[in-house]
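See structure below.
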Amino acid sequence: DAKTTQPTSMDCAEGRAANLPCNHSTISGNEYVYWYRQIHSQGPQYIIHGLKNNETNEMASLIITEDRKSSTLILPHATLRDTAVYYCIVRSDNQGGKLIFGQGTELSVKP
Amino acid sequence: GAVVSQHPSWVICKSGTSVKIECRSLDFQATTMFWYRQFPKQSLMLMATSNEGSKATYEQGVEKDKFLINHASLTLSTLTVTSAHPEDSSFYICSGGLAGPYEQYFGPGTRLTVT
């Protein structure tokens, strides 16, 4: 699976959009980009995933660059409850489904 | 999203004893279940992959005789930490998923402390 690079930490003001970048320059054509988050002492929570096109759901938007070498997760109106570690993971669907977690980005949403 | 439960949520045991952790998919049938371990201030580390009715596949460096995994049905997988030692103290998390490019759903985790 391709490796991802994320900033170690980020701050965001409550009510503002949080934009979390992820670099995956070695991604293969059949690998999807997944985003999960982990609130302290809980199991990870699925946020969104995509292959080529931008995706949006009730939690977030995922913007994937045309060359697919990077992506950005957007939380449109961050709240204090969005404070968590956010993981960007690339995975192909022929890898048995396993997710390999990197270090992620620790997002702190401040009042 | 789908729900995965774990039991117990926390357990304290004495060194040398064995501990079993259950992982259940409550509203879907998980083709595959995964077990992760997480030490404080670190990321999740995949321990093993299990498919219903077959032997688990362990990641490199994970002792299969120490961490016994049973996946008896599409909704239940168990992890048994045998002869636990203090260094096995960790946060153990399971997840379940379906084949293909679908999301995995994670349990809330089990905090194991070995004294």
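Just so it is clear, the structure is predicted and the values come from calculations on it, not from any experiment. Chain letters run A, B, ... following the sequence lines, proteins first and then strands; every chain starts at 1.
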Handout entry: Nearest-0.5 Å distance that lies between atom CD1 in A:I100 and atom CG in B:L46
Key =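 CG of B:L46 is found 5.0 Å from CD1 of A:I100.
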Completion exercise
Here the gap from A:K98 atom NZ to B:M47 atom CE, rounded to the nearest 0.5 Å, amounts to 14.0 Å
Are [Y] and [X] connected into the same hydrophobic cluster when the rule is that any two of I, L, V, M, F, W, Y join if their side-chain heavy atoms are below 4.5 Å apart?
| X | Y | answer |
| --- | --- | --- |
| B:L76 | B:F67 | no |
| B:F34 | B:I21 | no |
| B:V11 | B:L68 | no |
| B:V19 | B:V114 | yes |
| A:I47 | A:I64 | yes |

Exercise for the section: Specify the closest pair of heavy atoms between A:Y87 and B:Q38, including all atoms of both residues, with the distance to one decimal. Expected result: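 That closest heavy-atom pairing would be OH-NE2, 4.0 Å.
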Handout entry: Where A:L99 and B:Y36 come nearest, the two heavy atoms and their spacing
Key =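 Scanning both residues, the minimum pair turns out to be O-OH, 3.3 Å.
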Problem - Min side-chain heavy-atom separation A:Q38-B:S43 under 4.5 Å - result: no
Practice task
Report the C-alpha distance between B:M45 and A:F101 in whole Å, list the side-chain angles of each, state the deciding distance to 0.1 Å, and finish with yes or no for side-chain contact (heavy atoms from CB on, under 4.5 Å).
Solution key: CA-CA 7 Å; B:M45 186 194 79; A:F101 286 77; over 6 Å; no
Practice task
Start with the C-alpha gap between A:Y46 and B:F106, add the side-chain angles, then the distance that decides, and say whether ring-ring contact (aromatic ring centres under 6.0 Å, His included) holds.
Solution key: CA-CA 8 Å; A:Y46 166 80; B:F106 286 80; 9.9 Å; no
Handout entry: B:Q6 versus chain A, the contacting section by heavy-atom distance below 4.5 Å
Key =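 Neither part.
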Handout entry: Residue part contacting chain A, namely of B:I93, when any heavy atom lies under 4.5 Å
Key = side chain
Problem - Apart from B:W10 itself, residues in the same hydrophobic cluster as defined by side-chain heavy atoms under 4.5 Å - result: B:I12
Exercise for the section: Could you please state which residues from residues 103-111 of chain A sit under 4.5 angstrom from chain B, measuring non-hydrogen atom to non-hydrogen atom, sorted by number, or 'none'? Expected result: A:Q103
